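Encoded as structure tokens, the structure appears first; notes follow it.
For clarity, every value in this text was computed on a predicted model and none was experimentally measured. These values consider heavy atoms only, across backbone and side chains, with no hydrogens, waters or symmetry-generated copies. By convention in this document, chain letters (A, B, ...) are assigned in the order of the sequence lines, proteins followed by strands, and residues within each chain are numbered from 1.
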There are 2 protein chains.
Amino acid sequence: MANSQTELAVLAVLSIRPTTGYAIRELVHERLSAFWSESFGQIYPALARLREAGLIEVTPGERTGSALHSLTDAGREHLLDMLSEPPVAARPRNGVLLRLFFGDLLGPRACAALVQAAKERSERQLADLAAARAEVEAERAADPADATRTRYWLLTIAAGEHAARAAIAWADEALAELADLEAGENR
Amino acid sequence: MANSQTELAVLAVLSIRPTTGYAIRELVHERLSAFWSESFGQIYPALARLREAGLIEVTPGERTGSALHSLTDAGREHLLDMLSEPPVAARPRNGVLLRLFFGDLLGPRACAALVQAAKERSERQLADLAAARAEVEAERAADPADATRTRYWLLTIAAGEHAARAAIAWADEALAELADLEAGENR
DNA sequence: CTCAACTGTATCTGTCAGATATATTGAGGG
DNA sequence: CCCTCAATATATCTGACAGATACAGTTGAG
């Protein structure tokens, strides 16, 4: 089936609870943004196709014109099938590392600025993840029935934390090396 | 200008030496694959546009029909402009973490298999990077004129190594947690 | 009451990877 | 000398995707 990545994510979100297209995008943005992204331009066509295929049902929502989407039994089954398929590898595209690879075109000074900015992004990421961790742990304390689910969520947060800390450690190394390169250039 | 990411990468590769579209894709695949990817479907249209804009020149290559592309002065200038622009953030799409976030749908066993596979990919990545590091260091020893360039290359290799080691450390943590979850389930 | 912010649906454009088609060349085997 | 296979090389098509944009109903603060 076409568009499988977005459809997988949409079905997975709907497995938590029936909701609107807008709220699906909100949840992805709020809670999965460290490792996933979705846009309205993909979500609405995906919902239409899933409905067409009988994998979701639509009931009118609270607001005029809003539509609550919920999984059908076939949808739940299809979701499990899709989750069992091997993950699709994301194409790598890191603009900072591309610029660094061709670093002698920009020079050590400009490269250091890029690395510094990347380091600050990782630090912000780390702070965001700490906040998310606190939120999830509070949620777990408030509703022990969700305990299993929150343990999985914490695994994904830990992945982000490891990656962010590694990026910061690399940035420090790289900044030292770039300072050395600049000193050598001005010798 | 349209297609700016691919055009940036193509111009940057051509700053090393004039070459064919095929070889551009080869170089990206061989040396930048840890943090960049390009496809023929993007490279050939990009080359046509860059030629149209007067940023590259085309001369016939050794083989019949092959075309050697080289930077013009305008192209070199445009490349520096593009490198100076802030990097475009890549959309995150990590299928493993998506499956883990919804981990109670798959269960701890299947999740552990996914994490184990991810760990093995990172280990292979680490080995590939070690090989690349050795290759670059040999190249540096052979041609000291390239010493500065190779130092930038080693920075990008170090970034990959940090990321891969972090992924492995996370995977070990996650596998322990998933084993615990499974034990709790079967209690 | 009004306006700004939020909720909500929907489409369009440009970017992109991967698959595919096609042709040439060089090396090795028969 | 010919055949085949792999590597080199150009080119296009399709479907996936993000981000921008348009539009409209709703709510709450001032």
* Can you establish whether the number of heavy atoms outside A:D73 located under 6.0 Å from its atom CG is more than 12? => no
* Would you kindly give the CD-to-C1' distance between B:Q42 and C:dT20, to the nearest whole Å? => 16 Å
* Asked: How do B:P92 and B:A67 order along DNA chain D: which one's closest nucleotide is nearer the 5' end?
  -> B:A67
* Asked: Got a sec: does the CZ of A:R140 have more than 12 other heavy atoms crowding it under 6.0 Å?
  -> yes
* hbond_proxy B:S66 side chain to D:dA9 base (donor-acceptor, 3.5 Å cutoff) -> no
* Mind calculating the distance between OH (A:Y44) and C1' (D:dA20) to the nearest angstrom? => 15 Å
* To do: Residues of residues 25-34 of chain B with any non-hydrogen atom less than 4.0 angstrom from an atom of DNA chain C: list those, numerically ordered, please.
  => none
* Name the orientation class of the two ring planes belonging to B:Y22 and B:F40 (parallel below 30°, tilted from 30 to 60°, perpendicular beyond 60°). => parallel
* To do: State whether A:E38 and B:R93 are salt-bridged, where the test is any N-O pair (Lys NZ or Arg NE/NH1/NH2 against Asp/Glu carboxylate O) under 4.0 Å.
  => yes
* Structure fact -> A:Y22 OH to D:dG25 P, in whole Å, measures 17 Å
* Structure fact -> B:R93 atom CZ is separated from D:dG15 atom C1', nearest whole Å, by 13 Å
* Describe the nucleic acid contact of B:G41 in one word from base, sugar-phosphate, nothing, applying a heavy-atom distance below 4.0 Å. => base
* Between A:R31 and A:E135, is the closest basic N to carboxylate O distance under 4.0 Å? -> yes
* In whole angstrom, give the distance that lies between atom CD1 of B:I43 and atom C1' of C:dG18. => 13 Å
* Nearest-angstrom distance from the residue atom NE2 of A:H69 to C1' of C:dG8 -> 11 Å
* Could you pick out which residue, B:T64 or A:L68, lies toward the 5' side of DNA chain C when each is mapped onto its nearest nucleotide? => A:L68
* Of the listed nucleotides C:dC16, D:dG25, D:dT8, the one nearest the side chain of A:R63 -> D:dG25
* Structure fact -> A:Q5 CD to D:dA18 C1', in whole Å, measures 15 Å
* Asked: What integer distance in Å separates A:F40:CZ from C:dA10:P?
  -> 12 Å
* **A:T150 versus A:E137, side-chain donor and acceptor atoms under 3.5 Å** => no
* For residues A:L11 and A:L71, report the shortest heavy-atom separation together with the two atoms involved. => CD2-CD2, 3.4 Å
* Using only side-chain N and O atoms of B:S37, determine if any of them is under 4.0 Å from OP1 or OP2 of C:dA17. => yes
* Asked: Taking only N and O in the side chain of B:R91, is any of them less than 4.0 Å away from OP1 or OP2 of D:dC17?
  -> no
